[in-house]
Amino acid sequence: MKDAVKIRILQGDPIVHDVKNVVLPERYRGLPLIEDKLCADSCNKCAVVCPTNAIKLNPVSIDLGLCVFCPLCEETCPESIIHFSQNYHTAVDERANLKITSEVKSISPQMTSEKIRKYFGKSLKLRQISAGGCNGCELELNALSNVNFDMGRYGIEFVASPRHADGIVITGPLTENMANATKICYEAVPNPKVIILFGTCAISGGVFQNSEALQRKFLQENKIDLFIPGCPPHPLTFINGLLDWLNKSK
Amino acid sequence: MKSLEVQNNQCFDRAAIQFLDRDDFRNSVSELMQNNCRMIALTPVDVNNGRKIIAVLADSSSSMIHMVGGDFREGKLEFESWANDFPQTNYFECELSENYGYVPLNHPWLRPVRKQNVILKNKPYQFFKLEGEEVHEVAVGPIHAGVIEPGHFRFQCHGELVYNLEINLGYQHRGVEELLLKANQNQRIILSESIAGDTTIGHVFAHCNAIENLSNTQLSLRAEVIRTIASEIERIAMHLSALGGIANDVGFALPASSYGRLRTLAINSLAAICGSRFGRGLFVYGGVRFDLNETIINTVVENLKIINDDVREINKYLFSSVGALSRFEETGIVNTNLAKSIGLVGLAARASGIEEDTRINFPYGAYRYNPISMITLATGDVFARARMRAIEIEETIRFVFDQIENIPQGEIKSEHGRMAANSGVVSIVEGCRGEIVHIVFTDEARVLSNYKIKDPSFNNWYGLSLALRETAISDFPLCNKSFDLSYAGHDL
Ligand code: SF4
Ligand code: SF4
């Protein structure tokens, strides 16, 4: 008993109280900011080095749905136009909003429909499906339940059975071998239900986009509610994305 | 000697491999295994020519790697299986068969490795089945209860006791090896970081060692040390994560959450070094992308100090709890002989009394100059695998402090040249679970002709199967956590 108390005291108060305004390490790469400067004539260095084809030119834009935050483009640009900020608020509800141009200084999801907020605003239970994820994304989702992030305090939790869930969170590029299980699991979730894509792999296939072992039909056939970019995304990106989306962040 | 002998990370000429006829090939490989060599790969040199294969064997006592070539250009793709005498080759033969159509004759249990709906001997693959009274089958997965990777488990039970557990994987297969052959060098690094996202550094370390040695790139000592520090922090993080899981699986909430808190400090240290909590972006060919400065060193040291102090208390608490010990001890045993014969590697092997640690047996990077101690335990049960982690965390922190104190000055990146033509290299690294192997070959155009990866989980999943025999099915989660294996690393 004495030892238990001692360990509890060592534990201290590890929780992140204000999830909105955390200062992440200096080298953390969050939302990229693109300066409104002209590129040198016919320069395409950033687009060439990008491992996932996330960059389009004239004007420069980065698709966060493809980006793996490596950060070769930032390093390569001779004009230092691209700069990764520490801003981890990068979740969106529309795929197109992941396209970052020099005009975009922040992104966030629109508040969801009244119906969804009425159903899930107080309690949202999610079933996670790993479909080719490398376990980076899975570990960050697991971290959401640890004593630091404690997502349960917002009424958002992962559950074992899809029958008890209000939606699914997909990680990984959706492998052929998981196509069937993904579909079955989603069908087992009662209506209304949501789909959240966590990580670059799930959003676009990322570094695996050209693999022949993928089967991403499921994503075309269903409406995606929330996109959480990152490789892997920071747990705080997930929490804040959901809070904004459910209109729970005060 | 009919095999080519090389050291870890030694670039060699492809032409130096002798390709023997099938009988000679088989006998040479058997002979090596008789002399205590372990198989670490069975694969072609060139993926477009599956008829010329090599068996790669590691000899821990001499730190040498042996390569035996087999020429199957004439006749059928068949050879007499080694697996009846040397069970460690069992799964390697299955993999070769699945990928290149070989038939290992008299193989005891040919089964799918990563493919689904496999036809073997003209029949769809059937799971192993137990028959008789009071026998029942439990099937779990691919999707499991928690936030975890997918895999399918079939238990053949008699009452509460498991007679056989068959583990069927491949759900995470996304074609990493194929993609690596097609990728440019920027993509190759990202792909290697994504082989197993919990062992990002282990795999990218093996990858960079391989490519750098193919192109004769020398690293600065500083870069080597930064890599090693990162790799050891990854080990601390994963060991803490596994200990947390183990405590959680016996319903012991306080240690579980405490280990989780400490793990956050470990991965946040990686984020301080390179921005990513998993060490992504740190490795580049020729060194590292980010240098250590005083602020970062202070953060890392501070975090590790807390881990070091707190983890001792938590370990003491966990390992003195009678309730926890009664669940850990004599549960899921893999004894030394069994572990040897099935070729267990890494932490699980050391927990079963096998002195096997790549950092010591096949030193690379900074481990060549700064040794780390070999730690083994004898009992091979859940207790040993849990305890191993606790002890390794302490030793690892000592090692990291030592590295930080004596960090060499200098550049962090050296010029990286072109890969040699018609060459090969075997790169072995001790990831947090054990031996990671990357075997890379180039052709005359200096293009990769084969890239073979072996994650420690490839060897160790079978260990979990055997650990479950005659064990209560309710102990499965605990046994599983004590191995803490990677699906993505196995499935590739
Ligand atoms: S940081 Fe993103 S956009 Fe830039 S090169 Fe890397 S993957 Fe491409
Ligand atoms: S997005 Fe990155 S971390 Fe997540 S599964 Fe893909 S490769 Fe792994």
Side-chain angles (χ1 to χ4, degrees), chain A residues 3-4 6-8 10-11 14 24-29 49-52 68-72 75 84 127-143 145-148 158 160-162 172-173 175-178 181 185 201 206-208 210-214 231-232 234, chain B residues 114-116 142-150 170-176 178-179 182-184 186-187 189-191 193-198 200 241 254-255 257-258 260-261 263-264 268 271-278 280-281 289-290 299 309-310 313-314 316-317 320 486-488 491:
Chain A
D3 292 337
K6 194 164 162 198
I7 287 174
R8 179 61 194 87
L10 283 178
Q11 189 91 309
L24 293 181
E26 204 181 309
R27 289 173 179 171
Y28 172 77
R29 296 175 287 283
V49 292
C50 177
T52 55
V68 291
F69 301 79
C70 65
L72 279 163
E75 247 170 37
F84 280 85
R127 171 64 243 189
Q128 182 263 354
I129 304 173
S130 170
C134 71
N135 205 25
C137 281
E138 290 74 4
L139 282 176
E140 288 300 46
L141 287 175
N142 267 315
S145 320
N146 71 18
V147 286
N148 304 103
F158 291 103
S161 169
T175 55
E176 173 89 57
N177 289 351
M178 272 305 283
C185 181
C201 278
V207 69
F208 303 110
N210 296 323
S211 163
E212 280 159 24
L214 305 187
C231 179
H234 198 281
Chain B
R114 302 184 181 96
K115 287 215 172 92
Q116 285 173 342
I143 301 180
H144 302 277
V147 178
I148 131 174
E149 300 176 75
Y171 295 93
Q172 302 286 67
H173 177 64
R174 53 226 188 278
V176 179
E178 292 83 347
L179 287 170
K182 289 188 266 175
N184 66 32
N186 296 338
Q187 294 167 328
I189 297 249
I190 313 287
L191 278 165
E193 288 175 338
S194 312
I195 293 166
D198 45 34
T200 300
S241 152
L254 190 54
S257 66
S258 299
R261 166 180 63 96
R263 172 180 172 269
T264 304
N268 283 352
I273 296 174
C274 70
S276 155
R277 307 213 305 160
F278 297 88
R280 286 171 181 267
R289 175 175 273 124
F290 301 102
T299 312
D309 294 345
D310 289 11
E313 297 295 328
I314 303 162
K316 216 162 56 189
Y317 183 51
S320 63
S486 168
Y487 301 71
D491 292 351

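Chain identifiers are assigned alphabetically (A, B, ...) following the order of the sequence lines, protein sequences preceding nucleic acid strands; residue numbering begins at 1 within each chain.
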Closest-packed option against chain B by number of heavy-atom pairs under 4.5 Å, given A:Val49, A:Leu214, A:Leu141:
A:Val49

Are any of the side-chain heavy atoms of A:Leu10 and B:Glu313 separated by less than 4.5 Å?
yes

Non-hydrogen atoms of chain A under 4.5 Å away: do they reach the side chain of B:Leu191, the backbone, both or neither?
both

Tell me the closest heavy-atom pair linking B:Arg280 and A:Arg29, and the distance in Å.
O-NH2, 3.3 Å

Side-chain heavy atoms of A:Cys134 within contact of B:Glu193, under 4.5 Å:
no

Largest heavy-atom contact set with chain B, pairs under 4.5 Å, which of A:Lys6, A:Glu212, A:Glu26
A:Lys6

Where does B:Glu178 contact chain A at under 4.5 Å (heavy atoms): side chain, backbone, both or neither?
neither

With a 3.5 Å distance limit and no angle check, can you tell me whether A:Asn135 reaches the backbone of B:Glu149 through a side-chain donor-acceptor pair?
no

Side-chain contact test, heavy atoms from C-beta onward, threshold under 4.5 Å: evaluate it for A:Glu138 versus B:Ile148 and give yes or no.
no

Given the options A:Ala131, A:Pro173, A:Cys137, A:Ala160, which has more heavy-atom pairs under 4.5 Å with chain B than any of the others?
A:Ala160

Between A:Ala213, A:Ser130, A:Pro25, A:Gly136, which has the largest tally of heavy atom pairs under 4.5 Å with chain B?
A:Ser130

With the side chain counted from C-beta on, respond yes when A:Thr175 and B:His173 share a heavy-atom pair under 4.5 Å apart, and no when they do not.
no

Which bit of B:Arg277 is near chain A, if near means a heavy-atom gap under 4.5 Å: side chain, backbone, both or neither?
side chain

Tell me the closest heavy-atom pair linking A:Met178 and B:Pro142, and the distance in Å.
SD-CB, 4.1 Å

Between B:Arg263 and chain A, which part of the residue has a heavy atom less than 4.5 Å away: side chain, backbone, both or neither?
side chain

Between B:Ala488 and A:Gly133 the two heavy atoms that sit nearest each other are CB-O, 3.8 Å

Non-hydrogen side-chain atoms of A:Cys70 and B:Asn186 separated by less than 4.5 Å
no

Side chain proximity check, A:Gln11 to B:Ile314, heavy atoms < 4.5 angstrom
no

Pick whichever of A:Asn146, A:Val147, A:Ile7 has the most heavy-atom pairs under 4.5 Å with chain B.
A:Ile7

A:Asn177 side chain vs B:Gly170 backbone, donor-acceptor pair below 3.5 Å:
yes

Are any of the side-chain heavy atoms of B:Ile143 and A:Arg127 separated by less than 4.5 Å?
yes

Find out whether B:Phe278 and A:Pro232 are in side-chain contact, i.e. whether some heavy atom of one side chain is under 4.5 Å from a heavy atom of the other.
yes

